[in-house]
Amino acid sequence: MTPDELLTTTRTVRRRLDLTRPVPPELIRECLEIALQAPSGGNKQGWHWIVVTDPDQRAAIGRVFTRAAREYLASDHAAPRLFADDPERAPVQRRIGEGVAYLAEHIAEVPVLVIPCLRVTTVPSGGQAGLWASLHPATWSYMLAARARGLGTAWTALHLAYEREVAGLLGLPDDIRQGSLIPTAYYTGETFRPARRQPLEEVLHLDRW
């Protein structure tokens, strides 16, 4: 596919992950090799990647994720409650909520869970945006590489409400922080299309607000 097609059709996949088809480890390694070419602040390359395929580990992490997802869906800021009065956006938000609920119930069955991490010793005085900018582009590159190979992914972070609990399951050192959790599997059904987004004119500002 063209670069434009890849960038506009890499969607969050929750309900269309194939829970029965194994993903070859070498395919995940290919995607991560590409991810390592992403920008890294100061070229520190402080990223680490936890690839979880063991069923017991997936089940343990899944229990934490499911708990966090249920709490999120019951909260006032859950996706289904956003834009509830907008007849055009409300159905989309409901579908997102349904997808979150589905993934929460089945995440332990997803064949690969990838957890991008970053070594954090101190938080820069300018805040955390620059810090996490050294990990998130690589995470997105991983997801793009996966899409190009017929794999579906979902950028999730709900488990971070219980980050230390998951860190204990993974045996992470104290200075290793998790940035997200990316369920990865072959996807079912046909291909994906660009999502409906706000018009550029509504969010573009030239020279100043």
Side-chain angles (χ1 to χ4, degrees), residues 1-14 16-62 64-65 103 106-121 128-160 163-164 166-188 191-192:
M1 66 184 76
T2 66
D4 284 2
E5 182 182 1
L6 177 65
L7 289 166
T8 58
T9 64
T10 299
R11 305 258 64 86
T12 295
V13 186
R14 299 185 182 95
R16 292 173 54 186
L17 296 171
D18 192 332
L19 305 178
T20 62
R21 184 179 176 186
V23 177
E26 57 271 19
L27 208 55
I28 301 298
R29 290 183 65 92
E30 284 182 17
C31 296
L32 291 174
E33 289 282 2
I34 290 172
L36 297 187
Q37 294 297 316
S40 172
N43 198 31
K44 289 181 180 179
Q45 302 179 58
W47 43 46
H48 291 268
W49 305 83
I50 314 299
V51 178
V52 182
T53 58
D54 177 79
D56 292 337
Q57 279 287 78
R58 285 188 283 129
I61 294 169
V64 177
F65 183 90
L103 181 61
H106 294 278
I107 192 165
E109 303 167 56
V110 179
V112 182
L113 303 178
V114 175
I115 302 179
C117 300
L118 189 67
R119 187 177 297 278
V120 178
T121 52
Q128 298 199 26
L131 175 71
W132 292 105
S134 289
L135 180 65
H136 292 336
T139 303
W140 182 235
S141 290
Y142 166 80
M143 296 172 69
L144 291 170
R147 165 80 174 98
R149 288 160 175 77
L151 299 174
T153 58
W155 188 311
T156 68
L158 294 176
H159 80 291
L160 294 179
E163 181 182 2
R164 301 319 301 169
V166 175
L169 295 172
L170 299 172
L172 299 183
D174 290 340
D175 62 346
I176 297 296
R177 302 297 302 271
Q178 301 160 62
S180 56
L181 187 157
I182 314 297
T184 305
Y186 286 102
Y187 58 79
T188 61
T191 190
F192 300 92

First locate atom CD1 of I107, then atom CG of L17, and finally report the distance between them rounded to the nearest 0.5 Å.
-> 9.0 Å
L32 vs R29, side-chain contact (heavy atoms from CB on, under 4.5 Å): CA-CA, chis, key distance, verdict | CA-CA 5 Å; L32 291 174; R29 290 183 65 92; 5.7 Å; no
Non-hydrogen side-chain atoms of T12 and T153 separated by less than 4.5 Å = no
What are the two closest heavy atoms between M1 and L6, and how far apart are they?
-> SD-CA, 3.5 Å
Side-chain touch L181/L113, heavy atoms, less than 4.5 angstrom = yes
Nearest heavy-atom neighbours spanning P111 and V23 | CG-CG2, 4.0 Å
Could you tell me whether the side chain of P183 reaches within less than 4.5 Å of the side chain of V112, counting heavy atoms only?
-> no
Look up atom CD1 in I61 and atom CG in L170, then write down how far apart they are to the nearest 0.5 Å.
-> 4.5 Å
Any side-chain heavy atom of Q45 within less than 4.5 Å of one from L36?
-> no
Option among C117, S40, P116, S134 that satisfies the side chain to side chain contact (heavy atoms under 4.5 Å, CB included) test with W47 = S40
Results of salt bridge (charged side-chain N to carboxylate O under 4.0 Å, His left out) for D56 - residues two or more places apart only | none
Return the minimal non-hydrogen interatomic distance between R16 and F192, and the atom names on each side.
-> NH1-CE2, 3.2 Å
Geometric cation-pi criterion, R21 with Y186: 6.0 Å, 45° | yes
Spatial distance of atom CD (E33) from atom CD1 (I28) [nearest 0.5 Å] = 12.5 Å
Is the shortest distance from a Lys or Arg side-chain nitrogen in D174 or R164 to a carboxylate oxygen in the other one below 4.0 Å?
-> yes
Here the gap from R119 atom CZ to D175 atom CG, rounded to the nearest 0.5 Å, amounts to 4.5 Å
Q178 (side chain) donor-acceptor with E163 (main chain) under 3.5 angstrom | yes
Heavy-atom side-chain proximity of I50 to L172 below 4.5 angstrom | yes
Give a yes or no on this: more than 12 heavy atoms of other residues, nucleotides or ligands lie within 6.0 Å of atom CD of Q37.
-> no
What pair of heavy atoms forms the shortest contact from P137 to A38, and how long is it?
-> C-CB, 3.9 Å
For the atom pair OG1 (T10) and CG (L144), what is the distance rounded to the nearest 0.5 Å?
-> 4.5 Å
Considering all heavy atoms, the nearest A154-R14 contact | CB-CG, 4.5 Å
For residues 139-151, which residue pairs qualify under side-chain hydrogen bond (donor to acceptor under 3.5 Å, both in side chains), counting only residues two or more places apart or in two chains?
-> T9-R147, E30-R149, Y142-T184, R147-Y187, R147-T191
Enter the distance from L118:CG to K44:NZ here, rounded to the nearest 0.5 Å.
-> 9.0 Å
Specify the closest pair of heavy atoms between I115 and S180, including all atoms of both residues, with the distance to one decimal.
-> CG2-O, 3.4 Å
Between T20 and D18, do the side chains contain an N or O donor and an N or O acceptor separated by less than 3.5 Å?
-> yes
